[in-house]
Amino acid sequence: MAALIRVFGDVDIAEDAVQEAFAVALRKWPSDSLPPNPGGWITTTARNRAIDRLRRESRRRELLSEAAVLSPGNDDPGIPEEVSPVQDDRLRLIFTCCHPAL
């Protein structure tokens, strides 16, 4: 836990990652047997789980911000119609499919 807290700077992320690593160990170790260094295995697995979680959260925030831009419900009534987001669903879909991130 201490190593993960030092690396990520967040106790919650470290706790969740270690719990997930122990859950994976409970599933894998009975069939695969103990690894040569169980503590290292737990630490590495927990670190990888924490990195995956941070990546998922980062990507989720990106997608939410993109969805907010494309969402017609977020139009500001003070903005003229020409400046507001695209109203045509097909055109919005084309813009979404042509996004550089895809």
Side-chain angles (χ1 to χ4, degrees):
M1 282 274 303
L4 293 174
I5 292 170
R6 181 180 46 80
V7 170
F8 296 107
D10 190 341
V11 175
D12 291 332
I13 290 175
E15 284 179 346
D16 290 344
V18 170
Q19 288 176 2
E20 289 178 24
F22 276 112
V24 171
L26 286 173
R27 284 193 308 269
K28 291 188 83 160
W29 288 1
S31 62
D32 296 346
S33 76
L34 283 176
N37 182 359
W41 189 95
I42 290 288
T43 303
T44 302
T45 303
R47 187 190 72 226
N48 292 340
R49 296 291 173 149
I51 289 170
D52 290 345
R53 177 182 174 185
L54 292 172
R55 285 180 183 159
R56 277 192 310 270
E57 289 176 358
S58 173
R59 183 65 181 143
R60 183 182 54 83
R61 283 192 298 271
E62 289 174 13
L63 291 173
L64 285 175
S65 65
E66 289 176 13
V69 170
L70 296 175
S71 175
N74 292 336
D75 292 344
D76 184 6
I79 297 177
E81 188 64 30
E82 301 86 39
V83 181
S84 66
V86 178
Q87 296 299 318
D88 184 9
D89 288 333
R90 287 185 206 154
L91 190 55
R92 184 178 305 121
L93 180 61
I94 291 171
F95 286 148
T96 302
C97 292
C98 296
H99 193 277
L102 298 176

K.L.:
Do Thr43 side-chain atoms and Gly39 backbone N/O form a donor-acceptor pair below 3.5 Å?
P.N.:
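Yes, Thr43 side chain to Gly39 backbone: donor-acceptor pair under 3.5 Å.
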K.L.:
Do the side chains of Ile51 and Ile42 join up, straight or via other hydrophobic residues, at under 4.5 Å, putting them in one cluster?
P.N.:
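Cluster IDs for Ile51 and Ile42 match.
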K.L.:
Is there side-chain contact between Arg61 and Glu57, with heavy atoms separated by less than 4.5 Å?
P.N.:
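A side-chain contact exists here, since the closest heavy-atom pair is under 4.5 Å.
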K.L.:
Can you tell me how far apart CZ (Arg49) and CG (Leu54) are? Round to the nearest 0.5 Å.
P.N.:
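The distance works out to 13.5 Å.
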K.L.:
Would you tabulate the side-chain donor-acceptor contacts of residues 9-33 under 3.5 Å, counting partners in other chains and residues two or more places apart, or write 'none'?
P.N.:
unit_1	atom_1	unit_2	atom_2	d
Asp10	OD1	Asp12	N	3.0
Asp16	OD2	Arg53	NH1	2.6
Ser31	OG	Lys28	O	3.1

